[in-house]
Amino acid sequence: MKKEFASIVYQIWPRSFKDTNQDGIGDLGGVIEKLDYLKTLNIDYIWLSPIYVSGNYDYGYDIDDYYDIQPEYGTMEQFDTLISEAKKRDIGIIMDMVANHTSTSHEWFLKALESPDSPYRDYYFFRKGKNGKEPNNWISLFGGSGWTKISDDEYVMTMWAPQQADLNWENPNVRQGITEIMKFWLRRGVAGFRFDVINIISKKEGLPDKNPHKKGYQFADDYINSLPKAFDYLQEVVDEVRKEFDFFSVGEGMLLTQDAALRYSRINDPLLDMMFHFELALIDCGPLGKYDFRKLYRWTIKDFKSIVRKWQTDMQDRDYWMANYLSNHDQPRHVSHYGDDKKYRVESAKAWAMFNFTLRGTPFMYQGEEIGMTDCKLEINEWKDIEAITDYKVLQTMMKLPAFIAKKVIQKKTRDNARTPVQWSGATYAGFSSVSPWIKLNPNFTEINVESQANDPDSILNFYRKLTSFVKDHPVLTFGRWTEILSDHPHIIAYIREDEHEKLRIIINLSDKPVTFSLEEPEGTDILTTGKEGAPYNSKMVFAPYEGRISEIKRNES
Ligand code: GLC
Ligand code: CA
């Protein structure tokens, strides 16, 4: 097993992390300033969401120049400082590698526009319209058409925002270009990459019309999701880079299936070290996608458990490595999404953390979750997220939702929920900045902030510190076998983690009710709990709302 597997990764979405030059926008200076704080969370890597030059239509994921730093985030010099300061603390920096598309202001795209014979045209998918319409009926993953008109009868493929043009990976120059970008950053000292939507880099040959009945996300599987060539292209690029560098890699697997996952992240011969799957994130979305509201609020802990079971149980016998997460910059805050962001905010934040960090695999966490930050209700004029703004319209036109319901759906799901500034203190602007931030600050910062939790032994923050240090001390949590117990229980998730050295039992009540259960083998001594010490184990147990306990069943000293 690679040593990288036993790591904890902290994701930073820089725009909202910490502002140090007082323009209301988070920056590299802020990341440097907080390195000591981050180290208290026992992290090994920071995954930085994109910091390259960008027009910010999709906040950094529309890249104009992969070889420079977005001026509002800082300079290359500061970036080098970040790398070396992080290294001093044994923290590696993981860059976000957005390789499915560039922005339409990127040099390649601008050169492609210069003339019809430009060699750069084949870097993208430029196509003539068909009968006055788009070249095919594919749809954008942000809603609307998957094509953007660039002249009277010509379109370019844009599977995300109109300012994000899909790269044509068939073209060896594109693959070469991506290889060079990766080498450039590795030479600067980065530890690896998170590959943005890497499973959709190959598009169905001939770009045929999709089946019109396959709406929303449903269409992805047959036309863009993990097509055979996606593996070949990626293999070529990583093989080339690995000739010179060793690096950490995690791929974003939009709508990743288990079969595809097994081809990406084989332990013994990984294409990428690990992948993010979307099944938990989309648990309350219909088949049409994130904004398919028909299942909204309707998911159960049983549904949740069956997804976890499927990935944990099946995959451990199949040479597969997992990346585990509950939150990121694209999803609502998990305390609001899966937990209880009101009465049991503290308890549920701890319970869900205990769950995420005790699964087999590498745990990822997202800025602010360590203090239990919650979704923020934003009014329409406060929305920044292009996905939310586009889908608000799509919900009303295509899905025929009345505006006030469409608004509610967006408020629940918008990525802006995860993008409000990190709440450092109860001072003006939450200690994020001394001026009004670029996006609304969650008004609950006076109550929920790092400063107030730092010295409170029972805070969420201090629980994260204990939990992450516990994970580091118990490799069984990373690598050991995962065996579920109490699998039929509707509110409890419980499992045994075991290796040759020890056997731990994790029991977590994921509900806001007290629950009872009986244990077949009621031994065990608690070593980490979400709350006060619980009652001793016996055959009839009662757990408080969101109570979680890790106990030791066996230890072989050797
Ligand atoms: C990924 C990113 C998301 C971005 C999209 C397009 O899903 O995580 O933030 O909008 O790709 O690059
Ligand atoms: Ca700033």
Side-chain angles (χ1 to χ4, degrees), residues 11-34 47-52 54-63 66 69-75 78 94-104 106 140-143 146 157-167 193-201 217 220 224-225 250-256 275-278 281-282 289-290 323 325 327-331 364 366 384-391 413-419 421-422 429 432-439:
Q11 183 195 353
I12 289 183
W13 199 75
R15 198 171 187 81
S16 289
F17 186 67
K18 172 82 173 98
D19 176 22
T20 51
N21 67 342
Q22 316 314 335
D23 60 356
I25 296 171
D27 44 47
L28 290 178
V31 181
I32 298 169
E33 187 184 302
K34 295 296 178 187
W47 148 27
L48 269 185
S49 273
I51 51 161
Y52 322 93
S54 162
N56 280 336
Y57 293 96
D58 189 20
Y59 292 109
Y61 287 90
D62 49 318
I63 299 173
Y66 291 77
I69 307 288
Q70 173 84 336
E72 51 190 9
Y73 296 154
T75 61
Q78 265 179 311
I94 294 172
M95 295 294 268
D96 214 311
M97 189 62 234
V98 186
N100 175 68
H101 45 267
T102 72
S103 86
T104 51
H106 187 275
S140 152
L141 295 153
F142 283 157
M157 185 193 288
T158 53
M159 294 306 301
W160 301 91
Q163 297 83 2
Q164 290 165 304
D166 286 64
L167 283 166
F193 302 95
R194 173 263 188 188
F195 290 85
D196 191 62
V197 292
I198 196 63
N199 56 331
I200 68 160
I201 56 174
Y217 284 2
I224 57 173
N225 189 358
V250 54
E252 185 193 23
M254 239 210 45
L255 311 172
L256 182 75
M275 295 290 287
F276 295 124
H277 76 73
F278 272 51
L282 298 179
K290 186 162 158 193
Y325 72 100
S327 280
N328 63 34
H329 65 297
D330 292 332
Q331 301 299 333
F364 285 70
Y366 177 67
K384 303 284 184 195
D385 172 16
I386 184 165
E387 181 186 61
I389 294 165
T390 315
D391 277 309
K413 285 279 161 193
T414 173
R415 306 188 296 179
D416 287 335
N417 278 319
R419 299 177 176 185
V422 171
Y429 305 123
F432 166 75
S433 178
S434 62
V435 303
S436 176
W438 73 280
I439 189 174

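Any value given below was found using the heavy atoms of this structure, including those in side chains, with hydrogens, waters and symmetry copies removed. Both ligands and their constituent atoms are indexed starting at 1 by order of listing.
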**Asked** Can an N, O or S atom be found in G29 less than 3.0 Å away from the Ca ion (ligand 2)?
**Response** no

**Prompt:** How about Y59 and W438: are their ring centroids closer than 6.0 Å?
**Reply:** yes

**Per-atom contacts of ligand 1 with R415, taking only distances under 4.0 Å to non-hydrogen atoms** = 3 (C), 4 (C), 9 (O), 10 (O)

**Request:** Looking at D23, pick out the N, O or S atom nearest to the Ca ion (ligand 2) and give its name.
**Result:** OD1

**Request:** Look at R419 together with D330 and state whether they make a salt bridge at an N to O cut-off of under 4.0 Å.
**Result:** yes

**Prompt:** Does E387 have a non-hydrogen atom less than 4.0 Å from ligand 1?
**Reply:** no

**Asked** Starting from atom 11 (O) of ligand 1, which protein heavy atom do you reach first, and at what distance in Å?
**Response** D196 OD1, 2.9 Å

**Request:** Check each heavy atom of F278 against ligand 1 and say whether those closer than 4.0 Å belong to the side chain, the backbone, both or neither.
**Result:** neither

**Fill in**
Quick note on ligand 1: atoms under 4.0 Å from a heavy atom of H329 include exactly 2 (C), 3 (C), 8 (O), 9 (O)

**Asked** Between Q78 and D27, does any side-chain donor sit less than 3.5 Å from a side-chain acceptor?
**Response** no

**Complete:** Quick note on ligand 1: atoms under 4.0 Å from a heavy atom of V197 include exactly 1 (C), 7 (O), 11 (O)

**Item:** Protein contact of atom 7 (O) of ligand 1 - nearest heavy atom, named by residue and atom, plus distance
**Value:** E252 OE2, 2.8 Å

**Ionic contact status for R415 with D58, cut-off 4.0 Å** = yes

**Message:** For Y57, is the OH atom crowded, meaning more than 12 foreign heavy atoms sit under 6.0 Å from it?
**Reply:** no

**Asked** Can you tell which part of M254 has a heavy atom less than 4.0 Å from ligand 1: side chain, backbone, both or neither?
**Response** neither

**Asked** Which ligand 1 atoms are under 4.0 Å away from a heavy-atom of H101?
**Response** 6 (C), 12 (O)

**Fill in**
So for M159 against ligand 1, with non-hydrogen atoms under 4.0 Å, the contacting part is neither

**Item:** Atom indices of ligand 1 within 4.0 angstrom of R194 heavy atoms, with elements
**Value:** 2 (C), 8 (O)

**Asked** Would you say the side chain of M157 lies within less than 4.5 Å of the side chain of M159, judging by non-hydrogen atoms?
**Response** yes

**Asked** Is the Ca ion (ligand 2) under 3.0 Å from any N, O or S atom of S433?
**Response** no

**Message:** I need the nearest protein heavy-atom contact for atom 9 (O) of ligand 1: residue, atom name and distance, please.
**Reply:** D330 OD1, 2.7 Å

**Complete:** With rounding to 10 degrees, D19 OD1, the Ca ion (ligand 2) and D27 OD2 define an angle of 80°

**Asked** Looking at E387 and K413, does any basic side-chain N land under 4.0 Å from a carboxylate oxygen?
**Response** no

